[in-house]
Structure formats: structure tokens, C-alpha cells
There are 2 protein chains.
Amino acid sequence: MRITYRGDYALKAVLDLALNEGRVVTIHELARRADIPIKFLEQVLLDLKRGGFVESRRGKIGGYLLSKPAAKIKLGEVARFIDGPIEPITCVEKNYSGCTDIYKCVFRAIWVEVALATSNIIDNVSFEDLANQVRSHKREFEYSI
Amino acid sequence: MRITYRGDYALKAVLDLALNEGRVVTIHELARRADIPIKFLEQVLLDLKRGGFVESRRGKIGGYLLSKPAAKIKLGEVARFIDGPIEPITCVEKNYSGCTDIYKCVFRAIWVEVALATSNIIDNVSFEDLANQVRSHKREFEYSI
DNA sequence: ACAATGTTGATAGACTTAATAGAGAAATAA
DNA sequence: TTATTTCTCTATTAAGTCTATCAACATTGT
């Protein structure tokens with residue numbers, strides 16, 4: 001699995017929306033806070049919308065918001081949707097049909113293990129978890145002033 | 001981490017050499033057995049040589065062989081050398097110096113976890129292990145005839 | 001000398017990625 | 001209505017990566 005800029009931006013955007021759950025956030029705010037080229041972010045947000053992760057409102061008081069509770073959006077879902085399969089090699093991905101002698105390949109088993117270990121991590125973290133981490137970190141930071 | 005064809009070929013070549021430890025194997029043999037385009041394999045083997053994994057012999061009875069016991073070559077070493085860092089995102093790689101606010105980034109911790117889980121798997125498998133798996137599989141297969 | 005083998009650098013073609021540009025459509029407020 | 005603000009969509013560019021191939025060269029054993 002490799003996270004591209006596109007993926008990184010998508011995750012940051014969703015996290016920002018999670019931190020602002022209930023509000024509608026404009027693309028300008030998102031772009032500024034997360035330091036993302038706005039035109040690139042447009043594409044990413046459209047993708048996220050098509051993926052069912054966010055909704056949008058047009059017009060003067062428009063912007064973006066999560067289409068479901070942050071608690072129900074897993075890091076892994078977004079990462080896979082934007083950057084593709086987490087499997088480290090094609091022969092381990094779903095629906096792969098090359099390799100007639102899959103059962104002979106000693107590497108395949110390793111890559112399956114790696115994929116499972118990865119999904120075990122990223123599919124068990126929700127954006128609510130992440131938002132809470134940010135919030136508690138911010139609190140800590142303010143106390144320390 | 002993403003394994004390219006280049007990486008896959010490299011791993012298969014090293015495994016073949018591990019299965020033929022003690023012998024010198026020509027690039028033709030390697031290419032045929034592992035079904036790899038020979039000119040591409042040339043590059044890969046040169047890389048592996050520069051990486052200190054294999055040695056070569058020129059001339060009429062030349063070919064390639066492992067430069068150390070298969071037991072001392074870990075899958076992870078070769079994979080990293082050919083396909084680059086296993087970290088899923090740049091900010092987790094060694095010597096990365098962007099992100100002034102690394103400590104604020106909740107994603108980073110996740111990617112570190114993923115990288116650790118991955119290396120935990122691939123750095124604990126040697127090519128001797130893999131070769132033995134192939135051998136025992138072959139034995140099974142022959143019994144079953 | 002000859003034949004088999006590895007060595008090297010160059011390059012082509014397809015694909016991917018990051019970023020930018022510009023015209024369009026919908027909602028709101030005055 | 002009209003102006004403004006916002007999202008929507010399609011194209012395009014520039015750079016980089018990946019797979020594969022080619023041609024010329026160097027080394028070794030017989």
C-alpha cells in the first residue's frame with residue numbers, strides 16, 4: 001500500500017470534516033487549513049462524494065460535510081477508495097486470475113499476511129477516533145501554555 | 001509498500017539461486033524457470049549484485065550465485081533494496097524532514113504502525129525458509145502422484 | 001580464435017501522478 | 001431579477017515511473 005498525495009489530501013479533508021461535524025465547511029477553509037492546492041482538492045472532494053463519504057451544498061452558504069457519522073467512516077475505507085487496494089502485489093488482490101500455480105508460490109502467502117496485518121490496523125480506526133486524538137492533543141497543548 | 005514486477009522478479013531470482021545453492025546458474029536458466037524477460041532480468045541481477053545479494057562469474061561457465069548463505073538473506077532486505085522503502089507514506093521514511101508539526105499528525109502514527117507490522121513479517125523470513133517451503137511442497141506433490 | 005557468458009548505457013512506450021485552467025450549474029441574498 | 005458565492009466537470013500539462021528491449025562491450029574457458 002502506498003499513500004499518494006491524493007490519498008493524503010483526502011484523509012486530511014475527511015478528518016477536517018470530522019472535526020467540524022455538524023457544520024458545513026467550504027473548500028477554501030479545507031484548503032487553507034490543510035494546505036492543499038484548491039483545484040486539486042476539488043477533484044478529491046468530488047471523488048469522496050462519489051464514494052459516499054461526503055455530501056455537498058451548493059450556493060452561497062454551501063460547502064462540504066460528512067455524509068455519515070465520523071464514527072462510521074474507517075480510515076481503511078477512504079484510503080482504499082482513493083489509492084486503491086492495500087495489497088502489496090497484484091496477485092493477492094481480489095478477482096485476480098493470473099498465476100495458475102498460485103498454490104506453489106511461497107511469496108504469495110507472505111503478501112497475504114502483509115495485507116491482513118495492514119487492514120487489521122487501518123480498518124479498525126474511525127475518523128471519530130482520529131478526531132478525538134486531535135482534540136485531546138489540542139487540549140494538552142493549551143494546558144501547557 | 002508496493003511490489004513491482006522488478007521486485008517480484010528479483011525475489012524469484014534470489015529464491016531460484018537459493019534452491020540451487022552451491023551451483024552457478026546462468027541467466028538463461030533463471031529467465032526460463034521463472035518466466036522473466038531476459039533483458040529485464042539482466043538489469044535486475046546487476047542491481048542485486050550491486051546490492052551485495054548475488055555474485056557473478058563471467059565467461060563460458062559463468063552465471064550467478066548467492067553471495068552469502070540463503071539463511072542470511074531476508075525477504076525484506078531484497079524487497080526494500082529493489083522496490084524502495086516499505087513505509088506507506090514518505091513522512092514515515094527515514095531522514096524525512098518535512099512536516100514541522102509531525103507530532104500533531106494523527107495519521108503518521110498509523111502509518112508507522114503499518115510499516116512496523118510489515119517489516120515484522122518480511123524481515124523475519126529468510127530465503128532458506130522460502131526454499132525449504134518450496135522443497136517440502138515439491139515432496140508433497142511427488143508423493144501425491 | 002571462438003563461443004558463451006555477464007556488463008553497460010540508452011531509449012522507447014505506456015502509464016501514473018500532481019497540479020492547473022476554464023467554463024458551467026446551482027443556491028442564496030440583496 | 002441580478003450578483004455573488006459556492007460546487008461541478010472536463011481537459012490539459014508537466015514530470016516522473018515502470019516495463020521492456022536493443023546494441024555494443026568485456027571477460028572467461030576451450
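To find a chain, count down the sequence lines: A is the first, B the second, and so on, and within it residues start at 1. None of the values given here were measured: they were computed from a predicted structure.
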Review point. Between dC7(D) and Arg50(A), is there an OP1 or OP2 to side-chain N/O distance shorter than 4.0 Å?
Key: no
Review point. Counting any heavy atom closer than 4.0 Å, what does Ile27(A) reach on the DNA or RNA strands: base, sugar-phosphate only, or nothing?
Key: sugar-phosphate
Review point. Counting only heavy atoms not in Lys72(B), do more than 12 fall under 6.0 Å of its NZ?
Key: no
**Study point:** N/O (side chain, Thr4(B)) to phosphate O (OP1/OP2, dT17(D)) under 4.0 Å
**Key:** no
**Study point:** dT6(D) phosphate, OP1 or OP2, under 4.0 Å from Ser56(A) side-chain N/O
**Key:** no
Practice item. Compare side-chain N and O positions of Tyr5(B) against OP1 and OP2 of dC15(C) and report whether any pair is under 4.0 Å apart. Key: no
Exercise for review: Identify, between Ile3(B) and Arg57(B), the residue whose nearest nucleotide on DNA chain D lies closer to the 5' end.
Suggested key: Ile3(B)
Point to revise | Tyr5(B), OH atom: more than 12 neighbouring heavy atoms under 6.0 Å | key: no
**Study point:** 5′-ward residue of the pair Gly63(B)/Ile38(A) relative to DNA chain C
**Key:** Gly63(B)
Revision key, fill the gap. Among the nucleotides dA20(D), dA18(C), dG29(D), whichever has the atom closest to the side chain of Ile61(B) is dG29(D)
Review point. Any side-chain N or O of Lys49(A) less than 4.0 Å from the OP1 or OP2 oxygen of dC7(D)?
Key: no
Review point. Would you say dT7(C) has OP1 or OP2 under 4.0 Å from some side-chain N or O of Tyr64(B)?
Key: yes
Check your understanding: Within less than 4.0 Å of OP1 or OP2 of dA18(C), is there a side-chain N or O belonging to Tyr9(A)?
Key -> no
